Amino acid sequence: DIIQNLKDAGCDEDTTRTFLEDLQRGKRVTGIQLLEKHRCSLVDHLHQDQKQIDSLDYLLFIMRSEQET
């Protein structure tokens, strides 16, 4: 089901509604662009989260190294 897939992908109600309207109006390319924009947003958040994890990993590494000495 398209709606469930959009929910699972983290699309909000506005994005879901706009996408479905685009499909109904035959604007498939516009709908694809909307989903690509959402995907880019998710990837940006993923990269930001990865940087935060890397920072924590580095801090943990330093703290553990100091503990061993």
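All of these numbers come straight from a predicted model, not from anything done at the bench.
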Work out which heavy atom in Thr16 is nearest to a heavy atom in Cys11; give both atom names and the distance.
OG1-CB, 3.8 Å
Can you measure from CD (Gln4) to CD1 (Ile2) and round to the nearest 0.5 angstrom?
12.5 Å
Working to the nearest 0.5 angstrom, can you tell me the gap between Glu13 CD and Arg17 CZ?
7.5 Å
Spacing of CG belonging to Asp44 relative to CZ belonging to Arg39, to within rounding of 0.5 Å
10.5 Å
Do Leu35 and Leu6 come close enough that some side-chain heavy atom pair is under 4.5 Å?
yes
Do Thr15 and Asp12 have side chains that approach each other closer than 4.5 Å (heavy atoms only, starting at C-beta)?
yes
So His45 and Ser41, do their side chains get closer than 4.5 Å, heavy atoms only?
yes
Is there a side-chain contact between Leu23 and Arg28 (heavy atoms, below 4.5 Å)?
yes
More than 12 non-hydrogen atoms from neighbouring residues, nucleotides or ligands closer than 6.0 Å to CD on Gln52, yes or no?
yes
Minimum heavy-atom separation for Ala9 and Leu42, please, with both atom names.
O-CD1, 3.5 Å
Under the salt bridge (charged side-chain N to carboxylate O under 4.0 Å, His left out) rule, what do Lys51 and Asp54 come out as? Steps first, then yes or no, please.
CA-CA 5 Å; Lys51 286 179 184 179; Asp54 290 345; over 6 Å; no
Side-chain contact, heavy-atom cut-off 4.5 Å: Phe61 with Asp57?
no
Heavy-atom pair of closest approach, residues Ile3 and Leu20
CG1-CD1, 3.8 Å
